[in-house]
Every structure is written in structure tokens, then in C-alpha cells.
4 protein chains.
Amino acid sequence: MKGKIIEKSLQLFETKGFSETSIQDIVDEMGVTKGTFYYYFKSKKQLLMDIHTMYISELLKMQTEIMNNSEKDAKEKIKGIVSILVKSIRTHGPSARVFFRELRHLDEKSLPEIIEKRDKVRYNLQKVIEDGIDSGELRSDLKPDIITFGILGMCNWSYSWFNPEGPASEEDVILTYVEMTLKGLLPY
Amino acid sequence: MKGKIIEKSLQLFETKGFSETSIQDIVDEMGVTKGTFYYYFKSKKQLLMDIHTMYISELLKMQTEIMNNSEKDAKEKIKGIVSILVKSIRTHGPSARVFFRELRHLDEKSLPEIIEKRDKVRYNLQKVIEDGIDSGELRSDLKPDIITFGILGMCNWSYSWFNPEGPASEEDVILTYVEMTLKGLLPY
Amino acid sequence: MKGKIIEKSLQLFETKGFSETSIQDIVDEMGVTKGTFYYYFKSKKQLLMDIHTMYISELLKMQTEIMNNSEKDAKEKIKGIVSILVKSIRTHGPSARVFFRELRHLDEKSLPEIIEKRDKVRYNLQKVIEDGIDSGELRSDLKPDIITFGILGMCNWSYSWFNPEGPASEEDVILTYVEMTLKGLLPY
Amino acid sequence: MKGKIIEKSLQLFETKGFSETSIQDIVDEMGVTKGTFYYYFKSKKQLLMDIHTMYISELLKMQTEIMNNSEKDAKEKIKGIVSILVKSIRTHGPSARVFFRELRHLDEKSLPEIIEKRDKVRYNLQKVIEDGIDSGELRSDLKPDIITFGILGMCNWSYSWFNPEGPASEEDVILTYVEMTLKGLLPY
DNA sequence: CATGAATGAGACTTCATTCAT
DNA sequence: AATGAATGAAGTCTCATTCAT
């Protein structure tokens, strides 16, 4: 039941937004009553917190696996991380969209925990960049933090337009982003 | 008065979000009464619509000026557009953040008008890319639409983290994004 | 101007009702502003009061003319009064409908003045009936006050359905009501 | 609770009118809160609709019973219908008064349903008249539709003045209306 | 586990009215 | 004679939440 509530909520939050979705909307969709909701969740914000925690933890876990793979060089790790982010549009689309849009609605008490993990994801990527620069694999004249924000922006933004069922494939997007980032648009 | 209402609203919408900001919040901040608000705006949504229209129209206008400058090549136009987007964080920050976050709250009737202009901005950039490819100035093996989304994502995302008063300067960001995009991270 | 305001208000009150018609509605319809309204009327209720006074005074005046015609017998006076009431649907339709429907919205201070005149109209008809009974022209086994209410009800109700432009003519209605009232529906 | 809300509302609507009665007025009177009201009714208009439906359905039901009684001739049916209408002033006074006065405030979507039933009541009476004419029981030189409006007007109007606790009894009113209608005021 | 009834705070909005100009 | 700006009270409605059952 708890899982089903999360699933339906995700759907509704994605479509209508967190503030615009009422508990009533959620339970109506499931054919139960509000009491049921409050049996499983302390509050609406708690539900949102759960959604955020699940998403960012999963993302962090996947990223960590790539980070820990010592056989990959910086290029391959960047490609891996871009790949995770883009592919999760198909596998975790609603979660991701809700994550990016509704962060503001978390309790001030719960927020830091999420922010911390979100920043960890960023620092991880930044570490990859920095290591690449140190090893001479990447050019050293650009600031790693800005680069990191740039790559994440490119990827995260795709949640707002990329449709895995549409004309461009996941692979197209990943390839384009990685090529752009590593080799640039100018011909060699 | 109308201008002052917009200004304060922008501030509040940015901080607390559209749905979470009440008309009461807005008028309290200004020392007037709710009646005054409704004298100038038909509804809360109408105010949001005004904000969106102002922002996207201004952006489109600035972009068009760059597009029409026939002396610039693709590289320079890309740099110009990135520059506009990043610089307007300082000059139009609240407008821009509200624009990206609250689009969903527009009336279904008003939405298309805004979407159309937003898409126009995108198509304009895509045109620059396509022209660059056609003239041989840019490599031709990547899809222009995905490239466009990538660049816009990078830039638009910076609204969510970039602080013009912080350690990284506007110029740093612009330079990094343009270099990454055009030449890539790999050393030559 | 005052006359034009009354005219438009009457139209709107009839269609939408008094409470549902705002001063704004009225002045919009005329292309002026609210200030203008308040220049001519102390308040919305004052306007309603004016409308009521005009209508009932006019009606009373017409009725009085018939009452004072000493050449007419009871039958003819009844017919005359029914005739006035039905004919004024065409000539004073909106006034009449507003009069019957919106009486409740008058100030408690103004109400008695109107009620008094309205009752005078009723007493006048009742007097005709009583005189008719006394003179033997009308049967004496029914209560004059109830008869009066019956005749007035029949006539006043026609404001809610009778359309002078429709299939039944004014004369049809008057004839039917008078015949019913005087001779009844049973064949002789 | 739903029943009690309807009852109190009826009371208030009758006294102050629909538009002038606020939800606050209703719930204050009952010692509950606004939320309670909206738990039972979707909107204020929905409550009004419920009131209208209940009244007109009940009336139609009672009338139908008389219509279906094949042992009664036209005269008796007319008397029966007048009787229902007048007697329901005592039994359903507030409902009836609200019904006649506030029809205009129904939703445009709900209105037709009510209008249809109201017209059915009228057509039923008209049928009685027509049958009476066809069988020779009633005179044939007057239009049945106008007669019908006349009788209904007489009866319905009495909601606005007749007080069952007052000097005139229900039976007085019924007798007077039926006698007037059938035999007329002239002595035989 | 789940329901249904009730709460109460707060949201958006309308509108008659006032007043300086 | 008329306007435009502003008020403030009141209105309808929503909704997260609680609690007895």
C-alpha cells in the first residue's frame, strides 16, 4: 500500500505539482480514504521527503559504483555519469522531475539531509574532473566547479524536454553531450 | 504601483514560490490592501502571466539583436547568446527563476503564448548551430536539436546555483561554457 | 444620465438579479465610471428604492383613475384593473419583475413606504369587490380579501411567464382571467 | 447532519434570501464550522439544487397521485390540485418560497432538470383542464394554457401572503379559489 | 487497517463605497 | 460632472490534519 501511494503521488505531483495535489486527489485515485494515507505517512511533507530520499539515494548509489571503478579513466567516468543521469529519465522520470521541482517544499528540518546528498553527487563529478585535470587527461585552464555545474545542468535540464519515446534516442543524447563536453563542437 | 506590485511579487515568488505566496503576503509587504492588488490585476494568475510575458519578450528581443548581426559568425553568436543568458541572472534573476519554475501555474489559455516565445528562443539558437554546421564552421556529426538543448540546459540551470556576487565571475562562467561547448575538455 | 442609469440597471437587475449585478456591471454597460454612479445615487439601495417608488406610484395612479370612474360598475372596474396589470407587462415589464423579486433588498427604512403603496393597490381592488358584493352585483358567500389575493396572484404571476410577443395576446389573457373570475369555468 | 443543514438553510434562505445568506450564517446557526458544510455539499449552489429537487419532486409525486385517480372528474381534480398547493404552504412553506424565489440562482447546468419538472406540474394541470373541456364538463371558449397559468398563479402567489396561522383558514382559501375558478363571482 | 466526520486556518476574489483631484 | 485609486469587509471554497470508531 505504501508503495502504491508513493507511485500514485509521484504521478500526480509530476502532472499537477506538489502544492496543487491534495491528499484527497491521491486517495481518490486509489479508491481509499484519507485515513489510510495518514496511517502510512505522518504528513504530506513526509511523503515528499520519502520521495526525495529514495531518488537521491538511488542516484548516489549508482554514481558511487562508477566512481569506485578504478579501471575507468576520467573520460569513461564522465560518460558513465552522464549515462546514468540521462537513462534515469526513462527509469525514474517522475521521481526525478519531482525531485528537481519540489525541493523547496521540504521541511526546513529535512532539507539539509537531501541537500547534502545532492551536493555529494555534484562533488563526486567534480572529483572526477579534478582527477582528470591532475592526471593531464583533461585541460587545466577551466574551473572544475563550473564545468561540473555545466555538465549537470545539461543533463538535469533534459528531464524537462527529453522524451525517451520520441525521435531522439537515449544514446543520441548521451553521445551528443559527451562529445560536446569532451571534444567540443569545432571540427578538429 | 503596478510596477511595485510586480517587483515585490517577483521577490516573494522567487523565495517562497508562486503557490506559497499569498496575495496577503504581497500586499502586506507593500503596506496596501488586497483591494489594491485586484485593482491592478484581474487575478493572481494574471500577475504571473504578466511576469512571464515581460521576461520572455525581453529575452527574445535581446536574442534577436544578436541573431540579426550578420557580421558575427556562429561561434560569436553562440558566445553572445550564452552571454545574454548568464548575464541576465544578475539583471533579471528573479524574473528568470520565476519563469523557469512557475510556468506550470499559468492558465491553460495563456500558456501557449508563452510556450511559443520560449520555443522561438530555442529555435533561434538551433538555427545558429545549423548555419554553423552548413558553413563548415561546426562539426556535422551531432544533432543540432540536442546540442541546442544541451547549451540551453547548461545556461538555464545556472539560474539555480550561480550567484554573481560569489567567487566565480560572470565572465568565468561564460568563458567556461563557451570553451567547453566549442573546444571540449580534452587538451589539444 | 440619471434616467439612463435607471434604464440600464433595470435591464441588468431583471436579467441577473439585484445582488448579482454590481455597480461595475452597470457603469461598464454605459461606458462611464463608478464615480458617475455615486454622483447620481447615494447608494445601490437608493437606486433600487427609486425603481420601486417609480413603479408602484405609477401603478397606483393608473388604478386610482379607474377607481374614481363612478360610471363603471364592479365588473368593469375589475376588468379595468386586470387590464392595467396585464398590459403593464409590455409597458413596464422590467420594472414590474424587479419590483416583485427584489422587494426584499430594500432598506428597512425605505420598505414601509413601498409596502404601504403596494397594500393600497390591494385594498383598492378589495374595495371594488366589497362594493360589488354590497350592491348585489357579486355573490356574497366568499371572502373579499381572499378573492382579492386570488385575482392579484393570477395577474402578478403572469409577469413570470407571459410574453406579449408570444402566441397568446394581451387580450386573450385579460379576457380569460376576467371570464374565469366572474363567470367561472363551468358551462352555464 | 445533512438534513439539519438543509433545514437551517431553508429557514435562512426564506428570511434573508439565498444570496444574502452566507455559509457562515448557516454554520454559525448550527454551531459547526464551514468545513462541515463543505463536507456535505459541494457548493452553496449544490445545496440550493438539492432543495429545489426535493421540493419539486415531492410536489410532482403528490400531483401524480391525483392525476391517476380515474374516479375523479375534472372538477374534483382541480380541487385536489389547488388543495395540494395551498396545503403545502403549511407543510412545505419555506421550501416552496425558496423554490419560487431562488430558481434563478441555480447553475445553468442544473436548471433544466428543475424546469422540466416544474413544467410537468403545469402540463398535468393543463391536461386536466383539456380533458374537462373535451368531456363537456368545462366551457370550451377559453384557452386551457392561460387558464392553467391563472390557477397556478393564484395558488403560487398565496405563498407570499397566506399564513396558515392567520385569520383565514386553509379551507377558506381552497374553497374560495375553487369556487371562483369554477363558478365565478357573479351570482347565479 | 481503515473510515467518516469534523475542524480551522487561510486562500482567492468581489464589491459597495470613499475621496482627492 | 466625472475619474481613478484605494479600502476593508465579507464571501465562497480548499485542504492538511485529527480522532473516535
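Both backbone and side-chain heavy atoms feed into the values below; hydrogens, waters and symmetry mates do not. Reminder, nothing fancy here: chain letters follow the sequence lines and each chain counts from 1.
Atoms NZ (C:Lys4) and P (F:dA1) sit 15 Å apart, rounded to a whole Å. As a whole-Å value, the separation of C:Tyr39 OH from F:dT3 C1' is 14 Å. Taking atom NZ of D:Lys16 as the reference point, atom P of F:dG11 lies 8 Å away to the nearest angstrom. C:Phe41 has its CZ atom 16 Å from the P atom of E:dT18, to the nearest Å. Rounded to whole Å, atom P of F:dA10 lies 15 Å from atom CD of D:Glu20. When rounded to the nearest whole Å, the span between NE2 of B:His105 and P of E:dC12 equals 12 Å. The distance from atom CZ of A:Phe37 to atom C1' of E:dG4 is 17 Å, rounded to the nearest whole Å. One atom, CG of D:Leu47, and another, P of F:dG11, lie 16 Å apart when rounded to the nearest Å.
When Watson-Crick and G-U wobble pairs are counted only if both distances are under 3.5 Å, E:dA20 pairs with F:dT3.
When each of F:dA2, E:dC1, F:dA6 is scored by its nearest atom to the side-chain atoms of B:Tyr40, the top-ranked nucleotide is F:dA6. Of the candidates F:dT12, E:dC15, F:dT7, F:dT12 carries the atom nearest the D:Ile23 side chain, counting heavy atoms from C-beta on. Closest to the side chain of B:Lys44, out of F:dT3, F:dT17, E:dC12, is E:dC12. Minimum atom distance to the side chain of C:Thr33 is reached by F:dT3, of the listed F:dT7, F:dT3, F:dA6. Comparing F:dG11, E:dA2, E:dG4 against the side chain of D:Ser22 picks out F:dG11 as the nearest.
Summary of the strand contacts: D:Lys45 and C:Thr36 both lie near DNA chain F, and taking for each the nucleotide with the nearest heavy atom, the more 5' one is attributed to C:Thr36. Two residues, D:Met1 and C:Asp25, neighbour DNA chain E, and the one matched to the more 5' nucleotide by heavy-atom proximity is D:Met1. Each of A:Gly35 and D:Ser19 was assigned the nucleotide of DNA chain F with the nearest heavy atom; the assignment lying further toward the 5' end belongs to D:Ser19.
For the pair D:Ser22 (side chain) and D:Asp25 (backbone), a donor-acceptor distance under 3.5 Å is present. Side-chain N or O atoms of D:Ser43 include one that pairs as donor or acceptor with a backbone N or O of D:Gln46 at under 3.5 Å.
Contact annotation: C:Tyr38 does not reach the phosphate of F:dA1 (side-chain N/O to OP1 or OP2, under 4.0 Å).
Nucleic acid contact class of C:Thr21 (heavy atoms, under 4.0 Å, all strands): sugar-phosphate only.
The base of E:dT17 sits with one of its N or O atoms less than 3.5 Å from a complementary donor or acceptor on the side chain of C:Lys34.
At most 12 heavy atoms of other shown residues, nucleotides or ligands fall within 6.0 angstrom of atom NZ in C:Lys4.
With A:Phe18 as the aromatic partner, A:Lys44 meets the cation-pi criteria of under 6.0 angstrom to the ring centre and within 45 degrees of the ring axis.
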Could you go through the salt bridge (Lys or Arg N to Asp or Glu O under 4.0 Å) check for A:Arg101 and A:Glu20 one step at a time? CA-CA 13 Å; A:Arg101 280 186 203 143; A:Glu20 288 66 32; over 6 Å; no
